[in-house]
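Following: one structure in structure tokens, then a few remarks.
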Amino acid sequence: QVQLVESGGGSVQPGGFLRLSCAASGFAFEKFWMYWVRRAPGTALEWVSGINIHGGDAFYADSVKGRFRTSRDNALKTVSLEMNSLKSEDTAVYYCVKAATPGLGYWPPPDSEVDVWGQGTQVTVSS
């Protein structure tokens, strides 16, 4: 079945670095845009990044632009999120999300254009 499994979360001090990975299975990974979204306690979901099917175009929330970088490896069926200069406000559960339609992507994506979420991985930034 279609599955997304995130890894790489943890606790880090402000200014630190973390790299999240998402392993995909059960679908033609190379045909779908992929996204990262986060939810902090008591707040709405925030779309963090999106990447097109070839990995040549990536999009970011203003709050992370210049600090985060997303990439994908279609051969390995993985998508990654490198997070630099982490801040306390980056504390959240991060989810890997699959686009619903092959070849189509939006930034940010409407709810109707994503269909599979990973289980999430906790990122905590605290001194």
Side-chain angles (χ1 to χ4, degrees):
Q1 74 275 24
V2 177
Q3 195 171 15
L4 300 171
V5 179
E6 301 96 336
S7 61
S11 295
V12 64
Q13 292 187 340
F17 169 86
L18 280 175
R19 186 175 190 270
L20 306 184
S21 292
C22 172
S25 60
F27 66 101
F29 178 78
E30 69 279 4
K31 294 183 178 180
F32 292 87
W33 282 54
M34 296 297 296
Y35 302 94
W36 288 95
V37 65
R38 67 186 180 186
R39 185 191 292 274
T43 69
L45 283 173
E46 181 183 21
W47 291 97
V48 174
S49 70
I51 189 165
N52 71 350
I53 60 175
H54 301 298
D57 285 317
F59 303 86
Y60 301 93
D62 287 344
S63 59
V64 307
K65 207 170 288 184
R67 300 188 297 121
F68 288 15
R69 177 180 176 272
T70 190
S71 60
R72 65 189 295 163
D73 187 323
N74 286 345
L76 296 179
K77 297 188 175 184
T78 60
V79 58
S80 299
L81 183 68
E82 295 179 351
M83 306 183 293
N84 295 281
S85 304
L86 282 161
K87 306 175 181 180
S88 58
E89 51 264 43
D90 295 318
T91 295
V93 178
Y94 286 71
Y95 300 89
C96 174
V97 182
K98 170 188 168 290
T101 305
L104 289 182
Y106 302 85
W107 184 252
D111 290 347
S112 60
E113 291 299 328
V114 295
D115 62 357
V116 179
W117 295 56
Q119 84 285 356
T121 186
Q122 176 70 46
V123 171
T124 301
V125 185
S126 173
S127 55

Worked verdict on Lys87 versus Asp90 for salt bridge (Lys or Arg N to Asp or Glu O under 4.0 Å): CA-CA 5 Å; Lys87 306 175 181 180; Asp90 295 318; over 6 Å; no
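- Here the closest non-hydrogen pair linking Ser127 and Pro14 is N-CD, 3.7 Å.
- Note: the hydrophobic cluster containing Val123 does not contain Val37 (ILVMFWY, side chain heavy atoms under 4.5 Å, direct or indirect links).
- Of all heavy-atom pairs between Thr91 and Ala40, the closest is O-CB, 3.4 Å.
- Counting only distance, with no hydrogens or angles, the side chain of Asn74 and the backbone of Ile53 share a donor-acceptor pair below 3.5 Å.
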Derivation and outcome, side-chain contact (heavy atoms from CB on, under 4.5 Å), residues Val64 and Arg38: CA-CA 12 Å; Val64 307; Arg38 67 186 180 186; 3.9 Å; yes
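- Heavy-atom minimum distance, Glu6 versus Tyr94: OE2-O, 3.9 Å.
- The aromatic rings of Phe59 and Trp33 lie parallel to each other, their planes meeting at an angle below 30°, with 60° marking the opposite boundary.
- With a 6.0 Å cutoff to the six-membered ring centre and a 45° limit on the axis angle, Arg67 does not count as a cation-pi contact of Tyr60.
- The main-chain N or O of Tyr95 is never found under 3.5 Å from a side-chain atom of Arg39 such that the two would form a donor-acceptor pair.
- A continuous path of Ile, Leu, Val, Met, Phe, Trp and Tyr side chains, each step under 4.5 Å between heavy atoms, connects Leu4 with Ile51, placing both in one hydrophobic cluster.
- Between the side chains of Ser63 and Glu46, a donor-acceptor pair is found at a separation under 3.5 Å.
- Atoms CZ and CE, on Arg69 and Met83 in that order, are 14.0 Å from each other to the nearest 0.5 Å.
- Remark: Leu18 CG to Leu81 CG distance equals 9.5 Å, nearest 0.5 Å.
- Counting all heavy atoms, side chain and backbone alike, Gly9 lies closest to Leu20 at N-CD2, 3.6 Å.
- Taking OG of Ser21 as the reference point, atom CZ of Arg72 lies at 13.5 Å (rounded to 0.5 Å).
- When atom types are taken as modelled, the side chain of Asn52 and the backbone of Asp57 share a donor-acceptor pair closer than 3.5 angstrom.
- Using a 4.5 Å heavy-atom threshold, the side chains of Val116 and Phe32 count as separate.
- Under the 3.5 Å distance criterion, the side-chain polar atoms of Glu113 are left unmatched by any main-chain donor or acceptor of Gly105.
- Connection of Val2 to Trp36 is established within a shared hydrophobic cluster, with ILVMFWY side chains joined at heavy-atom distances below 4.5 Å, either directly or through further cluster members.
- Just one of Ser49, Ser80, Cys96 meets the side-chain contact (heavy atoms from CB on, under 4.5 Å) condition when paired with Met34; it is Cys96.
- Clustering ILVMFWY residues whenever any of their side-chain heavy atoms sit less than 4.5 angstrom apart, transitively, puts Leu45 in the very cluster that holds Tyr35.
- Rounding to the nearest 0.5 Å gives a distance of 7.0 Å between CZ of Arg19 and CZ of Phe17.
- Distance check: Lys77 NZ to Phe27 CZ gives 8.0 Å after rounding to the nearest 0.5 Å.
- Within the model, atoms CD of Gln119 and CD of Gln3 stand 8.5 Å from one another, a figure rounded to the nearest 0.5 Å.
- Residue Val79 is not grouped with residue Val97 when hydrophobic side chains (ILVMFWY) are merged at heavy-atom distances under 4.5 angstrom, including chains of intermediate members.
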side-chain contact (heavy atoms from CB on, under 4.5 Å) between Leu86 and Phe68, intermediate numbers included: CA-CA 9 Å; Leu86 282 161; Phe68 288 15; 3.9 Å; yes
